[in-house]
Amino acid sequence: MKHVLVTGGAGYIGSHACKALKAAGYVPVTYDNLSTGWQDAVKFGPFEQGDLTDAARLDAVFAKYEPIAVVHFAALSQVSESMQKPALYWRNNVVGSLTLIEAMLKAGCKEIVFSSTCATYGDHDNVVLDENCRQEPINPYGASKRAIEDMLLGFGESDGLRSVVFRYFNVAGADPDGEVGEFHQPETHLVPLMLDAIDGKRDALTIFGTDYETPDGTCIRDYVHVMDLVDAHVLGLNWLQDGKESRAFNLGTGNGFSVREVVNESRIVTNKDVPVVEGARRAGDCTMLVSGSVRAEAELGWRPKRSNMKQMIIDAWRWHQTGHYDQ
Ligand code: UFG
C-alpha cells in the first residue's frame with residue numbers, strides 16, 4: 001500500500017485532498033493537531049493526532065506507516081492574525097515544517113508536496129503573477145511560507161529532498177458529493193462569510209476596503225475550486241514519484257474577481273439579497289493577486305474543471321446549507 005502522510009488532513013483543503021488521493025490509489029494518513037481541523041472531516045484513511053513541532057510523535061508515525069511521501073498542508077493561514085501574532089506563525093509554520101522535514105529525512109522519506117501561497121509574492125502593482133515574480137511578502141504569513149520554500153530547496157541541495165511547491169491563490173467551493181466542505185471556526189474567508197450573511201447567520205458581510213486602486217475600489221483575487229486544487233496535488237505527487245525535479249507552480253486560473261463581483265455572483269446564484277456594509281481596509285491585504293501562469297497546465301497537465309465563480313458558489317452554497325462538522 002502506498003501510504004502518504006497528509007499533514008493538516010482534517011482541514012478544509014487537506015480533507016478534500018485525502019478524498020482525491022484515495023481515489024488515485026494512495027492511502028492518505030492524516031496527521032493533524034485538530035487546532036483548526038475537524039476529526040469528522042477525516043473520512044478517507046487513518047487518523048493520527050499530533051503536532052508538527054512534536055518530533056517524537058512524528059518519528060512514531062513515520063515508523064508505523066513508512067509513507068512514500070508527505071503532502072504538507074498543516075499551517076496557520078490567516079493574514080490578519082499573522083500581522084498581530086507573528087511569533088505564532090514563525091513557530092507553527094516554520095519551526096513546525098523544519099521538524100517535519102527532519103523527521104522525513106530521518107525516516108528516509110524524500111518527497112514532499114507543499115502548500116505555499118500567492119501571499120509570498122506581495123503587492124506587485126496590479127501585475128499578474130507568474131512563478132518568476134520576486135517573492136516579497138507583505139505579511140508574516142506570506143513570509144513564513146516563503147521561508148519554508150527556501151528551506152525545502154536548501155534540504156534539496158544538502159539531502160536530496162525533492163519538493164513540489166504549490167502557490168495557491170484563493171480557494172473556494174466544496175466537494176460536490178457533500179462529504180467534506182469548508183468549515184472554519186472562527187470563519188474569516190469571504191465566500192463562507194458572505195453565505196452566512198445571505199442566510200441570516202450574520203447581519204451583513206463587511207467589505208474590507210472600497211478605496212483600492214481597482215475598477216470598483218475593492219480587492220481583486222483569483223479564485224480556484226478546491227476540487228481542482230487538490231487534483232493538482234495528485235499530479236504533483238505523481239511528478240515526484242516519476243523522479244522529476246523540484247518545481248514550484250502557481251495554482252490559480254488567471255481570472256481576477258473583485259469582492260463586489262463575488263457578491264454580485266452570489267446574489268445571482270442564490271437568488272437572495274446579500275446584505276453588505278462597507279468597512280476599512282484589513283491590514284496585510286494586497287490590492288490584487290491574480291495568477292499569470294500556465295506552468296501547472298503545461299508541465300503537470302493540470303486542467304481546472306470547476307473553477308468558474310458560478311460553480312464555486314453553487315458548490316459552496318450546497319455545502320453551506322447541508323454540511324457541518326461536530327468535532
Ligand atoms: N474580504 C472582505 N470581507 C470579509 C472577508 C474577506 O471584504 O469579511 C475580502 C478580503 O479583504 C480580500 C478577499 O475578500 O480582498 C478575500 O479574502 P479572504 O479572507 O477570503 O482571503 P485572503 O485573500 O485574505 O486569503 C487567502 C488565503 C490565504 C492566502 C491569501 C493570499 O486564505 O491563505 O489568500 O492573499 F495567503
Side-chain angles (χ1 to χ4, degrees), residues 8 11-14 36 72-84 89 92-93 114-124 126 129 133 135-149 165-173 182-184 186-198 201-226 229 250-253 256-266 274-291 309 312-313 316:
Y12 168 42
I13 302 171
T36 57
H72 179 27
F73 296 100
L76 295 172
S77 63
Q78 287 172 35
V79 169
S80 55
E81 183 186 53
S82 80
M83 301 291 282
Q84 287 146 16
Y89 279 69
N92 185 80
N93 293 0
F114 172 59
S115 308
S116 188
T117 167
C118 60
T120 60
Y121 292 119
D123 241 339
H124 282 262
N126 294 358
L129 304 162
C133 275
Q135 289 178 286
E136 296 171 339
I138 62 164
N139 51 61
Y141 168 62
S144 74
K145 288 285 185 173
R146 193 189 67 176
I148 300 162
E149 289 194 22
V165 167
F166 286 124
R167 297 185 189 135
Y168 303 166
F169 285 72
N170 284 58
V171 189
E182 182 167 19
F183 193 54
H184 298 106
E187 188 52 77
T188 63
H189 292 99
L190 175 63
V191 172
L193 286 175
M194 190 179 52
L195 299 182
D196 273 353
I198 289 175
K201 290 193 186 116
R202 283 170 209 271
D203 292 341
L205 172 79
T206 302
I207 297 182
F208 293 142
T210 53
D211 59 348
Y212 284 95
E213 286 183 22
T214 58
D216 69 17
T218 65
C219 288
I220 294 178
R221 296 287 183 272
D222 179 340
Y223 293 84
V224 55
H225 196 295
V226 65
L229 188 95
N250 281 354
L251 293 180
T253 65
F257 286 83
S258 72
V259 176
R260 287 195 207 279
E261 285 173 326
V262 176
V263 168
N264 286 339
E265 191 65 43
S266 305
V274 189
V276 296
V277 294
E278 296 185 359
R281 291 184 178 200
R282 187 174 63 175
D285 275 351
C286 297
T287 305
M288 168 163 151
L289 290 166
V290 176
S291 176
M309 185 53 68
M312 286 187 277
I313 294 174

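Along the sequence shown, residues carry numbers from 1. Counting starts at 1 for both ligands and their atoms, in listed order.
Test D211, T287, T210 against R281 for side chain to side chain donor-acceptor pair (under 3.5 Å) and you get one pass: D211.
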Enumerate, atom names and distances included, each donor-acceptor pair closer than 3.5 Å involving a side-chain atom of residues 74-82, sequence neighbours excluded.
{"unit_1": "E81", "atom_1": "OE1", "unit_2": "Y89", "atom_2": "OH", "d": "2.5"}
{"unit_1": "S82", "atom_1": "OG", "unit_2": "V79", "atom_2": "O", "d": "2.7"}
{"unit_1": "S82", "atom_1": "OG", "unit_2": "Y141", "atom_2": "N", "d": "3.0"}

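Protein residues having at least one heavy atom under 4.0 Å from any atom of ligand 1 are S77, T117, C118, A119, Y141, N170, T188, H189, L190, L193, L205, T206, I207, F208, C219, R221, Y223, V259, R282, D285, L289, listed by chain and number.
Taking a cutoff of 4.0 Å between a charged side-chain nitrogen and a carboxylate oxygen, R221 and E261 do not qualify as a salt bridge.
A donor-acceptor contact under 3.5 angstrom links the side chains of S258 and D216, judged on distance only.
Remark: F73 pairs with H233 by the ring pair (Phe, Tyr, Trp, His ring centres under 6.0 Å) rule, at least two apart or across chains. Checked against side-chain hydrogen bond (donor to acceptor under 3.5 Å, both in side chains), H225 has the following partners two or more places apart in sequence or in another chain: D315.
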